[in-house]
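Here is the naming used below: chain letters follow the sequence lines, and residue numbers restart at 1 for every chain.
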Amino acid sequence: MNAEERLRAEVTRAALAIGAPEGFEPVLERPREHAHGDWATTAALVLAKALRRKPADISRDLVAALDATAAGVAESAVAGPGFINFRLDAARLAAGLHGVLAQGRAFGRGNTGAGRAVNVEFVSANPTGPLHVGHGRQAALGDAISALLAHSGWKVTREFYYNDGGGQIERLRDSVHARIVGAPLADDQYHGEYVKDVASAFVTDLAPRLGVSEAEAVEHVRRRWRDDAGLRDDVRRFAVAYLRAEQDADLKAFGVAFDVYYLESSLYSDGKVASTIEALKATGHTFELDGATWLRTTDFGDDKDRVMVRSAGKGGEPTYFVPDVAYHVTKWERGFTRAVDVQGADHHSTVTRVRAGLQALGIGIPQGYPEYVLHQMVTVVRGGEEVKISKRAGSYVTVRDLVDEVGRDAVRYFFLMRKGESQLVFDVDLARSQSEENPVYYIQMAHARLSGIFRVGGISAESVTGESVDWGQLGAPEERELVKAILDWPSLAAGAAEALEPHRVAGWLLDTARLVHLWYHKHHVLGEPEPVMRARLALASAARITLANALGLLGIAAPERM
RNA sequence: GCGCGAGUAGCUCAGCUGGAUAGAGCGUCGGCCUCCGGAGCCGAAGGUCGUGGGUUCGAAUCCCGCCUCGCGCACCA
């Protein structure tokens, strides 16, 4: 039992002893003011109504009923409107570090997932261009959420869904064609420079296959384009493959890897789109209108019904959300009873639709499936001005640009330090100019400094096990605060995983790094009397382990030296 | 017009699911290097938590109205 559990158990016992109703669970919280102690409980405030007594009186009785030794408390005080503040016994508090050292890399892991499978889908870009900053935010978020869930005992599959079907791909193909033959681009085509790269790469690839010069290959495309479906398909496939390779390289540079790449086109080729349409029709939730087939999504909370198969005049093809539904059915059928989709908020209109489709099928998929993490847009500022991101207009800041300019670790941290619902302003110049006083360097420096203690002392960090340590030596305020931050880590990580909010980890890291610097600045380790040194080495090792674990979840390196 | 999200220090943002005198980074101003790394530390200034009501012992947090900003509202994806 750790210090928190011990305290909670004793407060609960005492509360029941003075008349709290059966099943009462006291709330323990960290007081904002350190002067108020290590823990506080609002038990008396909450009980005031049920007991029909003043909170202050209840607090007094509760403190009197408390067994301080059993609770591990050095001091209890009634404060404010009825808070009870506890100061833990220094030795009992610091002894919690023993468990940290014993668990090492496993410290902080939880098991709420109990080995169950969860699918986390993120990035899922169309292969119509390089990954831009919005994808970068999503990659950082999705990867960190996956890591957090795995850390909480879930069996995580990271998945990337390629929207390689639909009209956008045709638009890409035609844009490449225009660049090959030097035709003008329509407004709704892709204007980016990369399209020129794809075009010239295609020509370079085609010429030797035809056994002609590149100029002749261009002429070949010009002449045959209209009537040669095979050629058009060739260009489409080449462009998609080219851009997928680019995206993969960008993700690799960013340190993000996927377990599964799922192709939208495969849903058509293996008949899943067709079978989903049939299944939906069989449910009676569909109807025909104006030559199109509609799904009555209003039966499931949507504000209007949606077309699922276009009328003949519009091509007669399924709309995009049918493969989306079919895709999520495969997630369910592949055994993922839980699925998390990380998407930009500009796609939030799909949420209701996809869920409605899954509900309409009536195959036992729960209502809230899949869960969505929607993040707001990233605004890029460069040279003091906003860079408008538009694939079609061709103005861009890519993930690769950012990684090259400010480094992988800093980009990851910047994207993760804010909650997803907040819009994010990424000032490229600022990120660059700050590169030496970036929060991520500050955090990594804390880890490097702790590592330095062991390096300089010629002590293996692994040899610090916490055995025969006099924990009472860690009584200085800076030490108590650092100890508490370390011991808070498991519940913080669990909370971040449950809420799917990696930014909490980023915040904890910054706070804890500050405590490390403060402690380091004030207290020496090497060369101190033996009992002091042993205790401080234990603290340094525990802090180092915990920082490394937290950084690892965010995909940020924990360097030994910088 | 409807839906979703956001309005908190000069700037960028936290605020742990309703708690005490609302915090951090950057920026500004002023201090600290015989040291296990100064890529650090200490101090100061800076707030009507968009706004008006409501709920209760207690609200930045929950409910309602209003105001700004972003995103979405296709037989595009």
Could you please name the option among [options] that lies closest to any side-chain atom of [X]?
X        : options                : answer
A:Tyr520 : B:rG19, B:rG38, B:rA14 : B:rG38
A:Asp290 : B:rG40, B:rA6, B:rC75  : B:rC75
A:Gln168 : B:rC36, B:rC41, B:rA77 : B:rA77
A:Thr319 : B:rA77, B:rG72, B:rA20 : B:rA77
A:Gln423 : B:rC36, B:rG70, B:rC75 : B:rG70
A:Arg561 : B:rG37, B:rU12, B:rA77 : B:rG37
A:Glu264 : B:rA77, B:rC57, B:rG40 : B:rA77
A:Glu29  : B:rU17, B:rG19, B:rC41 : B:rG19
A:Leu518 : B:rC41, B:rA20, B:rA39 : B:rC41
A:Arg418 : B:rC36, B:rG19, B:rU12 : B:rU12

Separation of [N] [atom2] from [X] [atom1] (nearest whole Å):
X        : N      : atom1 : atom2 : answer
A:Tyr442 : B:rC41 : OH    : C1'   : 9 Å
A:Asp511 : B:rA14 : CG    : P     : 14 Å
A:Arg30  : B:rU17 : CZ    : P     : 13 Å
A:Asp302 : B:rG72 : CG    : C1'   : 12 Å
A:Asp341 : B:rA77 : CG    : P     : 18 Å
A:Phe86  : B:rA20 : CZ    : C1'   : 15 Å
A:Leu374 : B:rC4  : CG    : P     : 12 Å
A:Glu501 : B:rC16 : CD    : P     : 9 Å

Base paired to [N] (Watson-Crick or G-U; both N/O distances under 3.5 angstrom):
N      : answer
B:rU17 : none
B:rA60 : none
B:rC26 : B:rG10
B:rG70 : B:rC4
B:rG40 : B:rC32
B:rU55 : none

Would you say [N] has OP1 or OP2 under 4.0 Å from some side-chain N or O of [X]?
X        : N      : answer
A:Arg514 : B:rG25 : yes
A:His503 : B:rG15 : yes
A:Tyr441 : B:rG37 : no
A:Lys304 : B:rA74 : yes
A:Lys419 : B:rG15 : yes
A:Thr352 : B:rG3  : no

Problem set entry | Over 12 non-hydrogen atoms of neighbours within 6.0 angstrom of CD in A:Glu25 | no

For this session: Would you please test A:Leu141 and A:Phe122 for side-chain contact (heavy atoms from CB on, under 4.5 Å) and show each step?
Result: CA-CA 8 Å; A:Leu141 257 179; A:Phe122 57 107; over 6 Å; no

For this session: Determine yes or no for a side-chain-to-main-chain donor-acceptor pair under 3.5 angstrom, with A:Thr319 supplying the side chain and A:Val307 the backbone.
Result: yes

Problem set entry | Main-chain N/O of A:Ala538 paired with A:Ser541 side-chain donor or acceptor, under 3.5 Å | no

Exercise. Below 3.5 Å, does any donor atom in the side chain of A:Ser349 face an acceptor in the base of B:rC73, or the other way round?
Worked result: no

For this session: Examine the base of B:rA39 for any acceptor or donor lying under 3.5 Å from a partner atom in the side chain of A:Asn438, and report the outcome as yes or no.
Result: no

State whether [X] and [Y] are salt-bridged, where the test is any N-O pair (Lys NZ or Arg NE/NH1/NH2 against Asp/Glu carboxylate O) under 4.0 Å.
X        : Y        : answer
A:Arg514 : A:Asp511 : yes
A:Lys484 : A:Glu481 : yes
A:Lys331 : A:Glu121 : yes
A:Arg536 : A:Glu479 : yes

For this session: Answer syn or anti for B:rC62, where the cut-off is 90° from 0 on the glycosidic torsion.
Result: anti

Problem set entry | Syn/anti state for B:rU34 [syn: chi within 90° of 0] | anti

Exercise. Does A:His348 lie flat on the base of B:rC71, that is, centres under 5.5 Å apart and planes under 30° off?
Worked result: no

For this session: Compare the ring of A:Phe83 with the six-membered ring in the base of B:rA20 and state whether they stack (centres under 5.5 Å, planes under 30°).
Result: yes

Exercise. When rounded to the nearest Å, what value does the distance between P atoms of B:rU68 and B:rG31 take?
Worked result: 47 Å

Exercise. How is A:Thr42 classified with respect to the nucleic acid when contacts are heavy atoms under 4.0 Å: base, sugar-phosphate, or nothing?
Worked result: base

